Q: 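After the structure tokens below, expect a handful of questions from me.
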There are 2 protein chains.
Amino acid sequence: MELVQIYECLCDRTRLRLLNVLAPGPLCVCHFQEILREPQVKISKHLAYLRARGLVEVEREGNWMVYELPAKPSRELKTNLACLQDCARENPLFQRDLARLKKLAPKFAEASPGGCT
Amino acid sequence: MELVQIYECLCDRTRLRLLNVLAPGPLCVCHFQEILREPQVKISKHLAYLRARGLVEVEREGNWMVYELPAKPSRELKTNLACLQDCARENPLFQRDLARLKKLAPKFAEASPGGCT
DNA sequence: GAGCCATATTCCTTCGCAGGCATATAGAAG
DNA sequence: CTTCTATATGCCTGCGAAGGAATATGGCTC
């Protein structure tokens, strides 16, 4: 995995938001939709993009696809994800997403791991 | 300056190399050419790209244009440049560039600050 | 002034990606 | 098997950026 490829993944706002809300833990597509408030196609495509480059991993959970950050990220990826989190800390948009995530958390908890209704 | 814009600057190999060799100190275009061994147009254009987005600053020095990292980088930029340096530390290509820079350093020293012949 | 140097800019072509719409898939439920 | 739900994929359009060739600029030097 080339360093440039990591940056190519990071140079889109939607993807940054996806990775940001993914930091606390796994999520499925419908969560992303609800948190980012973006159309399903958009989210799905960007997740596919990230997946193809190893920035996220997927696992099917019945009807739901549960995405998460890689279990064993490369040193470069780990460094950059940490850097992103650092930057996100002072970013209103990213913070709003995280706030929404927190708000929805109890709702998710009722369901399966990373699960939906 | 949006965080995404920083990543847009970082998602090209040539620009990464430019920023990498710029970390130790200011350089002029002919140095970049000699270190990266890339055509002048290519280097000049990428420097213009970085300049337009505030990732580098320029100052004319007679016939030469001396580029350097911004004097007062934003928190986000500073964080990301540090991250880049961290990643570059284990990257053969980046290390080779730095090695070339070191080799040329005495030659530069004879001339003006960041200077050429 | 003329000519030279280092660097920037313009014009062109090619390419990949974002975004949207429509449609396909895969599994669950009846 | 049919239907529903969640998600993915194909096709299209538009845009922006990379790279190269040629040319322009701006400042020296004589």
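The analysis underlying the following values was restricted to heavy atoms, covering all of them including side chains, and did not include hydrogens, waters or symmetry mates. Every chain is numbered from 1, with letters handed out A, B, ... down the list of sequences. Please read all numbers here as calculations on a predicted model, not as lab measurements.
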Q: Can you tell me the distance, in whole Å, between the CD atom of A/Glu34 and the C1' atom of D/dT7?
A: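 Going from A/Glu34 (CD) to D/dT7 (C1'), I get 16 Å.
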Q: For A/Gln33, does its backbone N or O pair with a side-chain atom of A/Arg37 as donor and acceptor, under 3.5 Å?
A: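 No, A/Arg37 side chain to A/Gln33 backbone: no donor-acceptor pair under 3.5 Å.
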Q: Over all strands shown, is A/Tyr67 touching base, sugar-phosphate only, or nothing at heavy-atom distances under 4.0 angstrom?
A: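 Sugar-phosphate contact only - A/Tyr67 comes under 4.0 Å of backbone atoms but never of a base.
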Q: Report yes or no: is there a donor-acceptor pair, N or O only, under 3.5 Å between the side chain of B/Gln40 and the base of C/dA6?
A: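 By the distance-only test, no, there is no pair.
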Q: If you compare every side-chain N and O of B/Ser44 against the phosphate oxygens of C/dT7 (OP1, OP2), does one of them come in below 4.0 Å?
A: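 Answer no for this pair, as no side-chain N or O of B/Ser44 is under 4.0 Å from OP1 or OP2.
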Q: Would B/Arg96 pass as a cation-pi partner of B/Phe94, given that its NZ or CZ must be under 6.0 Å from the six-membered ring centre and within 45 degrees of the axis?
A: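 Cation-pi check for B/Arg96 and B/Phe94: fails.
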Q: Please determine which of B/Leu18, B/Leu50, B/Leu69 meets the side-chain contact (heavy atoms from CB on, under 4.5 Å) test together with B/Leu55.
A: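 Option passing the side-chain contact (heavy atoms from CB on, under 4.5 Å) with B/Leu55: B/Leu50.
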Q: Rounded to whole angstrom units, what separation is found between the CG atom of B/Asp12 and the P atom of C/dG16?
A: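 Computing the B/Asp12:CG to C/dG16:P distance gives 14 Å.
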Q: In whole Å, I'd like the distance from the NZ atom of B/Lys42 to the P atom of C/dA8.
A: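 Value for this atom pair: 16 Å.
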Q: Between C/dA18 atom P and A/Arg15 atom CZ, what is the distance in whole Å?
A: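 My rounded result for the distance is 4 Å.
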Q: Output the rounded distance in Å from CG (A/Asn63) to C1' (C/dA29).
A: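 One finds 10 Å between C1' of C/dA29 and CG of A/Asn63, rounded.
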Q: Can you tell me which residue among A/Arg15, A/Glu38, A/Arg51, A/Arg17 is in a side-chain hydrogen bond (donor to acceptor under 3.5 Å, both in side chains) with A/His46?
A: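 One option only clears the test, and that one is A/Arg15.
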Q: Whole Å only: how far is the CG atom of A/Leu36 from the C1' atom of C/dG19?
A: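 Taking atom C1' of C/dG19 as the reference, CG of A/Leu36 is at 15 Å.
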Q: Would you call A/Glu90 and B/Arg75 a salt bridge, taking side-chain N to carboxylate O under 4.0 Å as the test?
A: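 Yes, this pair counts.
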Q: For atom CD of A/Glu59, is the number of surrounding heavy atoms from other residues, nucleotides or ligands below 6.0 Å larger than 12?
A: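 Atom CD in A/Glu59 is not packed in, count stays at 12 or less.
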Q: Within residues 47-60 of chain B, find the residues that approach DNA chain D with a heavy atom at under 4.0 Å, and present them sorted by residue number.
A: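 Result for residues 47-60 of chain B: B/Tyr49, B/Arg53, B/Arg60, sorted by number.
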Q: Could you tell me whether the phosphate oxygens of D/dG19, OP1 or OP2, come under 4.0 Å of any side-chain nitrogen or oxygen in B/His46?
A: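 Affirmative; the distance criterion is met.
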Q: Rounded to whole angstroms, how far apart are NZ on B/Lys45 and P on C/dC11?
A: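 Value for this atom pair: 12 Å.
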Q: Would you say B/Lys42 and B/Pro39 make side-chain contact, with heavy atoms under 4.5 Å?
A: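 The answer is yes; the side chains approach within 4.5 Å.
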Q: Between C/dA6, D/dT7, D/dG20, which one does the side chain of B/Pro39 approach most closely?
A: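 Per side-chain heavy atoms of B/Pro39, the pick is D/dG20.
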Q: Output the rounded distance in Å from CE (B/Met65) to C1' (C/dA8).
A: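 In whole Å, C/dA8 C1' and B/Met65 CE are 8 Å from each other.
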Q: Within the structure shown, what part of the strands sits under 4.0 Å from A/Arg13 by heavy-atom distance: base, sugar-phosphate, or nothing?
A: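 Touches nothing.
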